[in-house]
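Everything on this sheet refers to the single structure shown next.
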Amino acid sequence: MELAMSKSSNLTRTDLDSSFESQLSVSSRTSCRSLRLAEKERRKNQTGDPFVLALKYFSEVKAGTPRAGNDVLKRNLVLVERVGLSRGLPPEAISVMLDFAMSLCMGGVMCVRVLKFLIPATVVPQEAVVRAVSWLCVGKIAISTQVLFLRWVLTVFDMIDSKDHLRAIYGFIFSFVTEENLSPYICHLLYLLTRRESVRPFRVRKLLDLQTKMGRQPFLLHLLSLYKVFYPELVTLSLPSRMRSGFKIHNSTWKVALCAVQKRNSGQVSSDISLSLGLKDETNSRKRKFHHLELPSLSSSIQSNSSSSRSRKVLSLEQLHSFPHLLDNLHCIELPSQMGSLLGSSLALCYLDYVQDDSVFLRLNFWLGHALHEEFLYCSRDGSSGSSSEALHFLNRLLSTQHFLQEGFSSTEGFLYKFLNVWDGSLLRPQILGLLSDIPVVPSSCISQLLFEPLMQLFFTSTLFFKCSVIDCLNNMLLKWLTWHSVYALEDGLDISLNRHTPMNMTLSGFMDSVMELVRFVGRLATVGLQLEGCHSLLLSFILDFYETVCDMFLKYGLPLVVMPPAGVFYPALFATDPVSVDRLSYIMYRYKKNLTSAKCQQQETKQAFHISRQTCQEFNHYLLFMVNCLWNSKMFLPGMAIEVDQELLVLSKVPEPWTSFDLNHHPAFLGCALDFHHKCWPERKDIDFNSIKVPQSYYFFCFFCNVCALMCV
């Protein structure tokens, strides 16, 4: 009985298992049938989709198909064009249409039309771009069409899903650099694709030969500058530290359509596209904020607890807490993902001052340049920039960073040259002039166009306070130039490296030419400024500050150069109504005498020729003789003096003994001092006799005698 029950139980379990498997098989077959039906329905729907049919037509069209009178071609082309300009094309459509266009199945005119509406909705497949680039070697595509294609690639470059295969054909793309019409766009594309392994000696030689043939084109110089960052020993060409933009924006053909697609598909398009394509919402430009002026947080490009960081013993900057901690880990620090964050950390600035990698400054200069241009050059004119606390904080932070590093950034310098042409002189004046005083030495060949002309227009149409601020800014600029010279000049005195961030090597004569141009420019500003402001004592004080720096360039800074102040500065200072200005002029002349005497003595000892001309010595002697004859010898307005007045006019003035009007006793600046001295010496006298204080026994005479005797002719 137990055996029977056991068999019955086994049969029952077997029957249940077979029944379950049968039901499962039926359910599976039903599910598969449903999937097949759904797929069949989807394909049926796609088959009926006009856009899919249009793409299928362009993927299967044969070469040589007639274009004229082809209604099917016209209908499908208009359909794809409408979708591309309104919603953008998906990746598979981009691939199909790009192959159709670049293969010239229906001629070059159709290729141009397709390229103009090839607007991606999301991304661009890199394989499609690689295949399109391969069509360039066929030789059938017109040069103008090739230029249009390269412009399209540069416009959608940041939307390409990957660049590995494009970098794999770097050499193939480089082969087109010799084509004169394509070279600007090829260099731009190579600049975006270049990595350290892309730089080869033969490519550097090819670019140098091309530069010799085409001249110093900006696009060639920019690509060579990037090569020089990776391998400075390969690029021996001296590149200018300041170059105008070598790569232009090429998105004008697709800008409007890209903007429309971006607005429609804002959730699918990367937020960085608007930055790379330069798309701006014009309706909101009047209310724009300083989004780029917010310093990013200090965060590394790696995770601190990742396995790679632990294996490489890498330490991120945000993990540093003290300066000793920084010193202990200098060689294992990972740079942040956003270089702008370095400006917000004192420890990061210490590391920035230590690091010798040029790519660090290249990245930081790129971020700074974009932030400054976007927020101060491209913002709306009627915005509230002047009252923005963010802009003020950003520029103050930039100023403190440059003061900490004791040198400026090349991106700041390039921004200032452009900003001066649109600056009104009041927007963030202290910060702009502070940044301006930090720029390195500008070559004499371009200093007038870049610096002097825009400053001159502002100076002559501004207030007294702005004039004083400009003179003070130029004085600080000269001081920093001279300091850089005295610190960084080599022992042979020939080559001067002035700025690590903007490397510029110039000869000593070139440096002296730039300093000479700056001093002469300030002399012209000072002469006209004193005339416009009626020889205002405040402006005269700032001008004399400048010439206190100029008069000691040889002894203090080792620069064999002496430049005398113009007559428009010397005579207003000599005839000033305040004693401080005349006293400072006397001190300046005394320092000129010391510098000239030392230069002559050193020239006789070393038998070296200095850049101090005979005309400079004669000019100094002329000023000194006039000063002594005016203040001491009482020979003003006499024949043979620098300032002569007709005797008949002197008689008509009815001034007794006019030749003594500007001596030590009667000079308007010292009249108060003479009166005070006279009252202290002879308080009982009611009649004032200034000649009584000009006797050898007078203390008043003795003090001025010592000062005048210090000024001896050279």
Side-chain angles (χ1 to χ4, degrees), residues 98-99 101-104 107-109 111-112 115-116 118 124 126-158 160 163-240 242-253 362:
L98 194 58
D99 286 341
M102 298 302 291
S103 62
L104 298 183
V109 176
C111 176
V112 171
L115 287 175
K116 288 183 178 180
L118 216 56
V124 176
Q126 73 161 336
E127 295 300 334
V129 180
V130 172
R131 288 195 302 270
V133 171
S134 66
W135 282 105
L136 297 179
C137 66
V138 176
K140 296 181 179 180
I141 305 177
I143 293 296
S144 59
T145 307
Q146 295 182 38
V147 169
L148 183 65
F149 166 70
L150 291 174
R151 288 176 53 208
W152 178 82
V153 173
L154 292 171
T155 301
V156 302
F157 184 84
D158 287 327
I160 300 176
K163 281 85 173 178
D164 297 338
H165 294 173
L166 277 174
R167 293 191 177 98
I169 60 171
Y170 187 94
F172 177 77
I173 299 174
F174 187 88
S175 64
F176 291 94
V177 78
T178 55
E179 178 62 44
E180 185 174 356
N181 294 321
L182 301 181
S183 186
Y185 311 98
I186 292 294
C187 287
H188 193 175
L189 183 58
L190 293 174
Y191 188 90
L192 298 174
L193 295 173
T194 297
R195 294 292 183 268
R196 180 177 292 272
E197 58 271 14
S198 306
V199 183
R200 294 290 184 268
F202 73 91
R203 290 172 184 162
V204 175
R205 290 195 297 270
K206 177 67 73 173
L207 289 177
L208 292 176
D209 293 342
L210 194 62
Q211 186 261 346
T212 304
K213 177 183 177 182
M214 301 177 61
R216 297 175 68 88
Q217 298 295 332
F219 50 86
L220 292 175
L221 295 179
H222 273 261
L223 185 57
L224 284 171
S225 66
L226 182 60
Y227 281 11
K228 193 169 186 176
V229 168
F230 293 120
Y231 291 100
E233 67 276 6
L234 294 181
V235 184
T236 58
L237 180 68
S238 178
L239 298 174
R242 51 188 66 82
M243 294 183 287
R244 62 185 179 90
S245 178
F247 304 123
K248 300 179 180 179
I249 301 297
H250 310 294
N251 63 348
S252 57
T253 306
L362 189 68

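Note that the structure is predicted; figures quoted are calculated from it, not measured.
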Is any side-chain heavy atom of Leu189 closer than 4.5 Å to one of Leu166? no
So, taking the atom named CG in Leu221 and the one named NZ in Lys228, what distance separates them when rounded to the nearest 0.5 Å? 11.0 Å
Would Leu208 and Thr212 satisfy side chain to side chain contact (heavy atoms under 4.5 Å, CB included), going step by step from the backbone distance to the final call? CA-CA 6 Å; Leu208 292 176; Thr212 304; 5.5 Å; no
Could you tell me the separation between the CG atom of Leu226 and the CZ atom of Arg196, rounded to the nearest 0.5 Å? 10.5 Å
Tell me yes or no: between the side chains of Thr194 and Tyr170, is some donor less than 3.5 Å from an acceptor? yes
For Arg167, what residues pass the side chain to side chain contact (heavy atoms under 4.5 Å, CB included) criterion, not counting sequence neighbours? Lys163, Asp164, Leu193, Arg195
Nearest heavy atoms of Leu234 and Val199, plus distance in Å: CD1-CG1, 4.1 Å
Would you indicate whether the side-chain heavy atoms of Lys116 and Val112 approach each other to under 4.5 Å? yes
Mind running side chain to side chain contact (heavy atoms under 4.5 Å, CB included) on His188 and Phe157 for me, showing each step along the way? CA-CA 11 Å; His188 193 175; Phe157 184 84; over 6 Å; no
Distance (rounded to the nearest 0.5 Å) between His165 NE2 and Ile160 CD1: 13.0 Å
Interatomic distance, CG@Leu182 vs CD1@Ile143, rounded to 0.5 Å, equals 5.0 Å
For Leu115, is there any backbone N or O sitting under 3.5 Å from a side-chain donor or acceptor partner on Trp152? no
Taking the side chain from Gln211 and the backbone from Leu220, do they hold a donor-acceptor pair closer than 3.5 Å? no
Any donor-acceptor pair under 3.5 Å from Gln146 side chain to Ile141 backbone: yes
CD of Glu180: more than 12 outside heavy atoms within 6.0 angstrom? no
Are Leu148 and Cys111 close enough that some pair of their side-chain heavy atoms sits under 4.5 Å apart? no
Quick one: CZ on Arg151 to OH on Tyr185, what's the gap to the nearest 0.5 Å? 6.5 Å
Give me each pair satisfying side-chain hydrogen bond (donor to acceptor under 3.5 Å, both in side chains) with a member in residues 129-145, each pair once, sequence neighbours excluded. Ser95-Arg131, Asp99-Arg131
Would you check if the side chain of Ser183 reaches a backbone N or O of Thr178 as a donor-acceptor pair within less than 3.5 Å? no
Could you pull out the closest heavy-atom pair between Val147 and Asn181, with the gap in Å? CG2-O, 3.9 Å
How many angstroms lie between atom OH of Tyr191 and atom CG of Leu224, to the nearest 0.5 angstrom? 11.5 Å
Test Leu136 against Phe149 for side chain to side chain contact (heavy atoms under 4.5 Å, CB included), laying out the working first. CA-CA 10 Å; Leu136 297 179; Phe149 166 70; 4.2 Å; yes
Carefully, step by step, assess Phe202 and Arg205 under the rule side chain to side chain contact (heavy atoms under 4.5 Å, CB included). CA-CA 5 Å; Phe202 73 91; Arg205 290 195 297 270; 3.5 Å; yes
Test item: Leu207 and Phe174 side chains (from C-beta on) under 4.5 Å apart, heavy atoms: yes
